[in-house]
Chemist: 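Mind looking over this structure? Questions follow.
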Amino acid sequence: MIALSVLWRAQMASRGFLAADDYVMITQAAESDLTVEHLLALYNNHLMPGGRLLTWLVTEYVGMTYWPYVLLMAIGQAILGITFFRLLRRLLQPSWLLLLPLGALMFSPLTLEATSWWAVGVNMLPMQIAMVLAVGAQVGYVQTRRKRHLVTLALSVLLGLFFFEKAILVVALVFLLTAALYAEGGPIRTIWTTIRRWWPSWLLLTVLSLGFLAAYLGNSESSLRRPTSAGEVFSFLTQMLGSTVVPGLVGGPWRWLGAGDGAPVAAPPELGTWVAWTIVVALVVATVRRRRRAGRAWLLVGAYLLMVAGMLAATRLGSTFSGVAGGVPRYVSDVVVVAAICLGVAVVGLARPPRVPAETEPPAETEPPAETEPPADDALSAAPDAVQEPIAAPTIPAPPPVRSAQPALVVSRQGVIHAEAPDDLDPNPAPRTAPDADTSPALDAAPAPDDAASPGPAPATGPGPAPDPVPGQRPAAPADRDAAESATDTPVRNDTMAPTISAPTHVTAEPPAPGLLGPLPERYREAVNVMLALLLVAVCLGTVWTTSRYSDEWAAKSGRSYVDTVRIEMASAPPDTVFFDGPVPNSVVPNLSWPYNMQSRFFRAFGTRPTYVDEADNVAVLDDLGRIQVATVVGSTIQPGPQEGCGYLVASGQTVRMPLNEPRNDWHWVVRIGYLSSADGTATLRLGTGIAEFPVRKGLNQRFFRIVGGGDAVELTVAGTDVSFCTNEIAIGNPAPRPE
């Protein structure tokens, strides 16, 4: 499944190209050396030194190409899949149902942007990996209390923060997950137990969080915005939950709304939204009714989603993009990791921690002592059978006191080492045994140990053979339904388990077999199995459809066509071709990214860059398709001059005012002047406060140059010896291709 996901996502990503923010990050990398200042510089208020480092390395050694980023994202997806599967093996019980949360994460449409768009993937993939590693480290610490897991926890959080400041949410996730899955009681008791029992984790994470926040907030600008109305907040939450999160968790949104070269926006049909909500609600209700811990797991998803929604509302609402903020999957792609973990907990159940033998436990296989004293238990001494004749058979010490009230069963099966057992023991363990119904009264009256899985046999009652086993005997039901379900049908080592006290004869029924259906009556199992299979197939088909539609949208890239055309045109252009700078098409890099949308900066990482000038007699421009065209200027022009066949006649040392047909605001403009001169010289043009001087050559010529100014007229002065200067063509505006 992991390999299939990686290959499929890589093939889908390779159909597209770089987009929007990718070009800005590449330009900044091309313009800077590899310095600490460059790595720590904020990009759109994001602190992402890891992303800047990878982008700089690719730009420096490969250039403006897309395949290295596809390869890096595929590697990140593979690492995410492997680490998540390892987490499932540690966190959950052994079951083929582990494939459900694994598939939910690896194929979720909500993570498509993170595996295709570099500007998203370089942030989200490391954050998702950090989430998985941090949760795994915390689970390992909860299960074993080994300090090395705390080191892994700290490194995992630092990994996420190295690529994305949003990874600070990993700290909250680790705390909430620990409280939801490993602490008991009401909300206040749960929080207090979590803090008190695993305080080293929280001390470590608090120090890391405060240090990072101090460094980040000290260098960043506030991104907080205030929503314009309560209706805007309600629309955002409705869109995020109804159009993005819930449909995305069950294979949606099935339909996308194109957004230029960027990733498309979720636009599910109304029927699909209702079907998605029905599936999610039914899953939550069914798992909560079957497994108590499932309720806490789903509350964990809701709590994390609430944090993400709050962060988005505080930074995205109140802007020009607030209308579509809730439909952007990349904003909630980290929620998929939490949802996949909680899906596994709800469906499969938590694994019991590995059983570590106590120092007081006897070895698994020991020879009985040659001579032993009769047991000192008062109840045993008072039994009639125990005092009629001397004890001939050796006795084995009673089991040590048990600290837990729940059964800690050791599980080992042939060829598999499960999460419940640290070693792969006897492949054919003997069944659990119990005394015969005619056990001595003293033993019948003796209380059974709290933990039915305590090692060591019970005290012997006298000479003779051991009591016959009672087939199918089960331990008493644990207090936790999760533990009860995981304890059923579990083979136990005979050499480490004590015989259990015989249960009343009427308590002999087999408990329901564990599995997804739980205690469902047998007559309904086949029908429900068919329904679940059809539902799973429908979700898989919906995922395939959604991914395919996203792939088609992602493959339509204006930037790729533009860059490829420029490469071809530059290869065939004359060596002396020069260009006036201008913006690339808005579909390639939005104008909001100025000045990084200018061609002179856009092509900094290009192999053969165009040569850009500020003044020349003949210049070229690149059109919106990337083709080289002869340049002209589009904008305001001077009104026709009074001299027939000349326009405006300017003699040496004179200044002539020429009104414009449209005034120009103060800005950076390009001027084109076509003229006829009787001799060489110089000329000066004034536009408001702007002044530009250019050379004049004898004959019919033209000149392009830049000026900064504005007004409703220009003034032209010519300097030279006996120069007569005629012009009727002065345009002030922006360079553009000359009409054919």
Chemist: Regarding Arg706 and Asp614, does a basic nitrogen lie under 4.0 Å from an acidic carboxylate oxygen?
Modeler: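 Salt bridge: yes.
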Chemist: Determine whether the aromatic ring centres of residues Tyr23 and Phe602 are separated by less than 6.0 angstrom.
Modeler: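 Yes; Tyr23 has its ring centre under 6.0 Å from that of Phe602.
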Chemist: To the closest 0.5 Å, what do you measure between CE (Met570) and OG1 (Thr565)?
Modeler: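 One gets 13.5 Å once the value is rounded to the nearest 0.5 Å.
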Chemist: Of all residues at least two apart in sequence or in a different chain, which pass the ring pair (Phe, Tyr, Trp, His ring centres under 6.0 Å) check with Phe107?
Modeler: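 Partners of Phe107 by the ring pair (Phe, Tyr, Trp, His ring centres under 6.0 Å) criterion come out as none, since no residue qualifies.
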Chemist: Going from CG on Leu237 to CG on Leu306, what distance comes out if it is rounded to the nearest 0.5 angstrom?
Modeler: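 Answer for the CG-CG pair, Leu237 versus Leu306, is 9.0 Å.
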Chemist: Heavy atoms only: give me the nearest Val332-Val308 pair and the separation to one decimal.
Modeler: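 Heavy atoms only, the tightest pair is CG1-CG1, 4.2 Å.
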Chemist: In the structure I gave you, are the side-chain heavy atoms of Val62 and Thr65 within less than 4.5 Å of one another anywhere?
Modeler: yes
Chemist: Identify whether NZ of Lys or CZ of Arg in Arg52 sits under 6.0 Å from the centre of the six-membered ring of Trp56 and within 45° of that ring's axis.
Modeler: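 That pair does not qualify as a cation-pi contact.
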Chemist: Roughly how far, to the nearest 0.5 Å, is CD1 of Ile129 from CG of Leu125?
Modeler: 6.0 Å
Chemist: How many angstroms lie between OG in Ser14 and CD in Gln11, if you round to the nearest 0.5 Å?
Modeler: 5.5 Å
Chemist: Would you call the rings of Tyr216 and Phe212 parallel, tilted or perpendicular, taking 30° and 60° as the class edges?
Modeler: parallel
Chemist: Decide if atom CG of Asn44 counts as having more than 12 heavy atoms of other residues, nucleotides or ligands within a radius under 6.0 Å.
Modeler: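 Check passes, neighbour count above 12.
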Chemist: In Å, rounded to the nearest 0.5 Å, how long is the span from CG of Leu317 to CD of Glu232?
Modeler: 4.5 Å
Chemist: To the nearest 0.5 Å, how far apart are CE in Met127 and CG in Leu169?
Modeler: 5.0 Å
Chemist: So, for Ala10 and Val70, which heavy atoms are closest and what is the spacing to 0.1 Å?
Modeler: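 That closest heavy-atom pairing would be O-CG1, 3.9 Å.
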Chemist: With sequence neighbours left out, what residues match Arg601 under salt bridge (charged side-chain N to carboxylate O under 4.0 Å, His left out)?
Modeler: Glu31
Chemist: Is a side-chain donor or acceptor of Asp261 paired with a backbone partner of Ala19 at a separation under 3.5 angstrom?
Modeler: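 Between the backbone of Ala19 and the side chain of Asp261 there is no qualifying donor-acceptor contact (under 3.5 Å).
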Chemist: Side chain of Trp669, backbone of Asn665: donor and acceptor closer than 3.5 Å?
Modeler: yes
Chemist: Could you verify whether a donor N or O on one side chain and an acceptor N or O on the other, from Thr244 and Gln239, lie under 3.5 Å apart?
Modeler: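 On atom types as modelled, these side chains do not qualify, holding no pair under 3.5 Å.
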Chemist: Under 3.5 Å, side chain of Trp117 to main-chain N/O of Phe17, donor-acceptor pair present?
Modeler: no
Chemist: Does Thr35 reach the main-chain N or O of His38 with its side chain, forming a donor-acceptor pair under 3.5 Å?
Modeler: yes
Chemist: Sort and list the pairs that fulfil ring-ring contact (aromatic ring centres under 6.0 Å, His included) and have at least one residue in residues 148-168, not counting sequence neighbours.
Modeler: His46-Phe164
